[in-house]
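FYI, side chains are in, hydrogens and waters are out, and symmetry mates aren't considered; it's all heavy atoms of this structure. Convention: sequence-line order gives letters A, B, ...; per-chain numbering from 1.
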There are 2 protein chains.
Amino acid sequence: MTLGMTVSTTKSAKARRPQRYDGADNRRAVLDAALTVFADLGFEAASTRAIAAAAGLEQGHLAYYFPSKAALWQQVVEAFAREGEDLLRAALEGDDLSRPEQTAARVLPGLLRVFARNPRLTRLMLQEFSVHSPRHQWVVDTFGAPVWRLLEPLFAALRAHGRLSGAPPAVAYFNLVGAALITFGNRDLILRLAGCDTGEEATVDAAIAYILGPVLAPAP
Amino acid sequence: MTLGMTVSTTKSAKARRPQRYDGADNRRAVLDAALTVFADLGFEAASTRAIAAAAGLEQGHLAYYFPSKAALWQQVVEAFAREGEDLLRAALEGDDLSRPEQTAARVLPGLLRVFARNPRLTRLMLQEFSVHSPRHQWVVDTFGAPVWRLLEPLFAALRAHGRLSGAPPAVAYFNLVGAALITFGNRDLILRLAGCDTGEEATVDAAIAYILGPVLAPAP
DNA sequence: AATCGAGTTTGTCAATTGACCAAGTCGGGT
DNA sequence: ACCCGACTTGGTCAATTGACAAACTCGATT
């Protein structure tokens, strides 16, 4: 399921049916294969040949769609990561934070569920949190900073209303992010080590409830 | 401070003072420089030339102490990571877990403080949590699994005593690990983004208290 | 002073890698 | 039938990299 293959796709809507060459379809296949390989191996260790092979193409072909490996990586992240930020922006639109705990209860579980649903993307983000790379700054500027700017008022309001156990907003926020990235980005490891499947629906719910506990609960 | 230089080291205790060649000293310098470069760039992106340069030596010289780049990496982790596991093992020795919340309050803050004190090593661990590499299995076998085996009874007992907000022990454990790795492994990022210094003593205390809140607090 | 050997440098090598290009394939419009 | 152009392949290239080895530097031993 990980590598989208050109052949079997049925695009019955439109009349166009090129049996053999379908650029748009192969482009998607490359993006999907690249997400898998990047998530598994990391940017450096993921060779363009391995990505092409996972997509069922030749290495030289990648250059047709993507000017460079770095550009491919960037488009992979953009293609899959917008969801979270858009969801967040829409959910916070026009909220005056007069009842921050209600806002948080409405917004944050959905955000965490985005991570749980996209383990490959979650790993990709985790990688950029663990290495100083030319891509690190880009991720921070493009996603990290905007998301934090979006959520900082919420976390500040939460603390002002006696949540977060009195911790600084940033501490609570990065606690949440770290817990989510590790928990949902390491399903295989956690399953192997502890026999606990963090991809399973019930466990996802339990994990989200646990992560958000100190955020949503009133101070003792 | 990051690169230990051979020259200036004053070893006034012993009589030995080889002005120019000091193998053991340079070996330490390489390990320290390697820790820095590996933590910053990740294993693949960290070239042996960069490591040698950071240690003030030539690339070819590394082979004198370490048979390969992978072996160097492994010795770096071993040299710096034993502290945590040993501390944990000693602290849990002979504990019958009849009062798990007391045990946790005695043991876990110290464990988290090991992460806070060693940001470079923390980043290194974070990297191996985010990539499937030949080193991943080794870290899991050598540190991940033993530590989990050590702590699993404690977390199981905590839950049996009404802590963890009813979450599975593994969820609570990896929540803790993820929060610690991200919080203490990204001091620069968090400082830049949110103006919060997770290397500062007071913030470390606040973060540890926050992370351990659900672990130590009784169920509502 | 001659030798020894741990420590260190310099130069080289094969392998891998990302970028690039010239040629080829194929469906569709003319 | 023919060509056009989107799409795809296979091969090449320069750069980087980890490993390796031969030569060099000294302090210490004899």
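Considering only heavy atoms from C-beta on, A:P169 stays 4.5 Å or farther from A:L158 through its side chain. Counting heavy atoms from C-beta outward, B:L72 and B:K69 have side chains that stay 4.5 Å or more apart.
Between the OH atom of A:Y64 and the P atom of D:dG5 there is a distance of 12 Å, rounded to whole Å. Rounded to an integer number of Å, the gap from CG of B:L41 to C1' of D:dT17 is 14 Å. With rounding to whole Å, B:L62 atom CG is found 14 Å from D:dT17 atom P. In this structure, CZ of A:R49 is placed 11 Å from C1' of D:dT12, rounded to the nearest angstrom. Between the CZ atom of A:F43 and the P atom of C:dT16 there is a distance of 20 Å, rounded to whole Å. Taking atom NZ on A:K69 and atom C1' on D:dT16, their separation rounds to 13 Å, with Å as the unit. D:dC20 atom P lies 16 Å from atom CZ of B:F66, rounded to whole Å. Separating the CG atom of A:L57 from the C1' atom of D:dA6 is a distance of 15 Å, rounded to the nearest angstrom.
Of the candidate nucleotides C:dG18, D:dT8, D:dG18, D:dT8 has the atom lying nearest to any side-chain atom of A:H61. With D:dG10, D:dG18, C:dT10 as the choices, the nucleotide that has an atom nearest any side-chain atom of B:E58 turns out to be C:dT10. Comparing C:dG18, D:dG18, D:dC7 by their closest approach to the side chain of B:Q59 singles out D:dG18.
In this model, the phosphate group of C:dT8 is approached by a side-chain N or O of B:Y65 to a distance below 4.0 Å at OP1 or OP2. Using a 4.0 Å cut-off, some side-chain N or O of B:T48 falls inside it from OP1 or OP2 of D:dG18.
The residue A:A45 sits apart from the nucleic acid: no heavy atom pair falls under 4.0 Å. As judged by a 4.0 angstrom heavy-atom cut-off over every strand, A:A46 is placed among residues touching the sugar-phosphate backbone only.
Classification of the B:H61-B:Y64 ring pair by plane angle, with boundaries at 30° and 60°, yields tilted. Below 30°, between 30° and 60°, or above 60°: for B:W148 and B:F174 the angle between ring planes is between 30° and 60°, a tilted geometry.
A donor-acceptor contact under 3.5 angstrom links the side chains of A:D95 and A:T103, judged on distance only.
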